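Written below as structure tokens is the structure these notes are about.
Only a predicted model underlies this, so the values are computations on that prediction, with no experimental measurement involved. The chains referred to below are lettered A, B, ... by the order of the sequence lines, with proteins before strands, and numbering in each begins at 1.
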Amino acid sequence: MTVRVDVAPSVLSWALDVTGADEEGLHRRFKLDKWLAAEARPTLKQLQDFAKAAGVPFGYLLLPQPPAWSLPVPDFREGFETVPTPSANLIAVIGQSQRRQEWYRDYALALGVEPLAFVGSAAELPPLEAAAEIRSALDFQVSDRHGTWADTRKALLRGFETLGGLTVATSMVENNTRRSLDENEFRGFALVDDIAPLVFVNTHQTLNGQIFTLAHEFAHVWRGTSGIGNEDTRSDGQSDIERWCNAVASEVLVPRDDLADRHARVASAPLVQALDTLAHDFRCGTLVVLQALHRTGVRRIENYAAAYDAEVVRLRDLSEARESGGGDHYNNQPFRVGERLSRALIADALEGRTPITEAMRLMSMKSASTFDEYARRLGAA
DNA sequence: GGTACAATCCTCCACGGGAG
DNA sequence: CTCCCGTGGAGGATTGTACC
């Protein structure tokens with residue numbers, strides 16, 4: 001006998017609302033119209049498959065009404081008429097990040113790690129001074145910016161990890177390429193903690209965007225306020241906290257004094273050319289430079305809004321022809337999981353304190369041989 | 001034009017996970 | 001089982017630049 005399950009249509013609608021999966025595909029695979037109209041009931045297996053495909057925890061589908069789920073961190077996202085329901089993917093990556101953070105916090109406390117002094121240390125400082133502290137702590141001076149933009153992102157991530165923080169840079173839930181994160185929903189978040197501050201960057205955005213997001217999330221940590229954001233350089237931010245964090249991020253990437261010096265060389269060049277040159281100097285996006293020129297008054301920009309729009313269009317055209325290369329799981333993992341957390345998990349598991357299965361789960365790993373090889377590659381075995 | 005070096009481009013790798 | 005997707009870094013190849 002086949003077990004059929006009662007599903008509240010409102011709960012199904014909710015699931016479709018929060019899913020990151022292709023809704024048409026779900027309609028093709030499942031008899032959603034009939035379920036929604038209560039003309040048919042799914043079997044247990046069908047509903048389980050649907051939960052998996054939609055990326056929604058199965059248990060929620062059995063509730064009589066949609067769950068009131070909300071972000072467990074302050075929501076600083078802007079540009080919405082009404083605050084949208086967080087997607088299942090976003091809830092999933094926040095939950096996963098919190099589990100990793102909790103584990104690492106316990107681990108670090110057991111090792112006798114002292115609270116990190118920089119967390120919340122800049123809360124009372126004006127953006128210029130806060131940015132100077134962050135640059136200095138991360139060893140991210142303008143004169144040190146070499147190589148590609150990917151190198152610059154790496155320098156930011158590694159700088160923060162060296163200070164004792166955790167980083168996660170990924171574009172999907174776990175290693176599931178079918179649950180990719182929506183860059184329009186959020187660009188990153190910071191989970192502030194004085195032992196295990198965690199910074200998450202959604203890598204489903206340009207490298208320039210990721211670099212700005214990282215600087216912004218660092219600002220959150222130095223201010224001591226957790227938060228999730230979809231910030232871009234266009235708006236100054238609607239809340240005081242976002243305004244402050246954006247100003248700090250901008251100043252971290254493009255320090256006022258350096259900007260004045262370097263802009264002198266291209267002061268007479270057309271704006272677009274000056275933006276390219278300066279973005280290369282600072283290893284950030286042209287939009288960040290444009291915003292900084294405007295903010296500091298280093299260059300007089302006739303119509304800022306129009307210039308910004310024009311640059312957005314130019315960048316969009318440039319990015320048309322982008323392709324993605326291959327990858328190596330063992331190279332990718334330190335970015336997706338974070339190197340500090342990886343090393344800690346491996347070390348603790350090999351010493352028998354954390355079960356290997358638990359370490360593998362926290363690192364989204366499937367086989368023991370992958371764990372061994374990863375440990376070997378990291379030089380942690 | 002030739003040289004040296006730097007910057008950038010290109011290609012290739014291994015794994016996890018879903019679809020069919 | 002086979003296909004596809006997503007992905008950072010290593011290292012060689014190519015292009016750019018500064019100087020003679």
The side chain of A/Y330 is closest to which nucleotide in this list: B/dA19, B/dA14, C/dT7?
B/dA14
Taking atom CD of A/E39 as the centre, does the number of heavy atoms from other residues, nucleotides or ligands within less than 6.0 Å exceed 12?
yes
Taking atom P of C/dC4 as reference, at what distance in whole Å does atom NE2 of A/H329 sit?
21 Å
Starting from the C-alpha separation in whole Å, work towards a yes-or-no answer on side chain to side chain contact (heavy atoms under 4.5 Å, CB included) for A/F50 and A/L12.
CA-CA 10 Å; A/F50 171 74; A/L12 271 181; 3.7 Å; yes
Over how many whole Å does the gap from A/W149 atom CH2 to C/dG9 atom C1' extend?
18 Å
Distance check needed: B/dG16 P versus A/R179 CZ, whole Å only.
18 Å
What is the separation between atom CG on A/N331 and atom C1' on B/dC12, rounded to the nearest whole Å?
11 Å
Where does the angle between the aromatic ring planes of A/Y104 and A/Y107 fall among parallel (under 30°), tilted (30 to 60°) and perpendicular (over 60°)?
tilted
Euclidean distance, atom CD of residue A/Q48 to atom P of B/dG18 [Å, nearest integer]
14 Å
Any base atoms under 4.0 Å from A/S171, or only sugar-phosphate, or nothing? Heavy atoms, all strands.
sugar-phosphate
Using a strict cut-off of less than 4.0 Å between a Lys/Arg side-chain nitrogen and an Asp/Glu carboxylate oxygen, indicate whether A/D106 and A/R353 qualify as a salt bridge.
no
Using a strict cut-off of less than 4.0 Å between a Lys/Arg side-chain nitrogen and an Asp/Glu carboxylate oxygen, indicate whether A/R187 and A/E183 qualify as a salt bridge.
no
Are A/K154 and C/dG9 close enough that a side-chain N or O sits under 4.0 Å from OP1 or OP2?
yes
For A/T177 and for A/Q210, find the nucleotide of DNA chain C with the closest heavy atom, then tell me which residue's nucleotide is more 5'.
A/T177
Mind checking if A/S367 touches a base, just sugar-phosphate, or nothing, with heavy atoms under 4.0 Å?
sugar-phosphate
A/H280 has an atom NE2; how far is it from atom C1' of C/dG16, in whole Å?
12 Å
Mind checking if A/N176 touches a base, just sugar-phosphate, or nothing, with heavy atoms under 4.0 Å?
sugar-phosphate
Start at the 5' end of DNA chain B and walk down; is the nucleotide closest to A/E373 or to A/R283 reached first?
A/R283
Just how far, in rounded Å, is P of C/dA10 from CG of A/D328?
10 Å
Whole angstroms only, please: what is the CZ-P distance between A/F335 and C/dA10?
9 Å
